[in-house]
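What follows is a set of notes on a single structure, which appears directly below.
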Amino acid sequence: MRVELQDGMKYGVFFTLRREGPMRCGLFVVSAYPLANSNKPVAVTGEMRFNTALGLVLSGKRPKFPPR
């Protein structure tokens, strides 16, 4: 995921989502680092909206990112 902070710095963030209850997920940040060129893709997988990934995890499914 790409995140832009209030000061304008852009970061690449890699994380895992884990279902912790019927309507609760835990998010664990694996790695985060500043992006030198924000136009380059952060990862080699395709894109997925965070809400889509969250909905899949909460429904007991594993999110499968589309190929790039």
Inset, instruction - Kindly determine whether Arg2 and Leu35 satisfy side-chain contact (heavy atoms from CB on, under 4.5 Å), including the steps that lead there. - result: CA-CA 9 Å; Arg2 235 179 307 225; Leu35 296 174; 3.4 Å; yes
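For Asp7, the side-chain contact (heavy atoms from CB on, under 4.5 Å) partners two or more places apart in sequence, or in a different chain, are Leu5, Met9. Residues passing the salt bridge (charged side-chain N to carboxylate O under 4.0 Å, His left out) test with Arg49: none are found, sequence neighbours excluded. With sequence neighbours excluded, no residue forms a salt bridge (charged side-chain N to carboxylate O under 4.0 Å, His left out) with Glu4. Partners of Leu58 according to the side-chain contact (heavy atoms from CB on, under 4.5 Å) rule, which considers only residues two or more places apart in sequence or in another chain, are Cys25, Leu54. With sequence neighbours excluded, the residues satisfying side-chain contact (heavy atoms from CB on, under 4.5 Å) with Ser59 are Lys61. Shown here are the side-chain contact (heavy atoms from CB on, under 4.5 Å) partners of Lys64, two or more places apart in sequence or in another chain: there are none.
Counting heavy atoms from C-beta on, the side chains of Lys10 and Pro34 never come closer than 4.5 Å. Side-chain contact between Phe28 and Phe14 is absent, with no heavy atoms from C-beta onward closer than 4.5 Å.
When all heavy atoms of Val13 and Ala32 are compared, the closest pair comes out as CG2-CB, 4.1 Å. Here the closest heavy-atom approach between residue Gly26 and residue Glu20 is recorded as CA-OE2, 3.5 Å. Nearest approach of Ala53 to Pro63, heavy atoms of both residues: O-CG, 3.9 Å.
In the hydrophobic clustering of this structure, Leu27 does not group with Val30; members are Ile, Leu, Val, Met, Phe, Trp, Tyr whose side-chain heavy atoms approach within less than 4.5 Å, directly or through other members.
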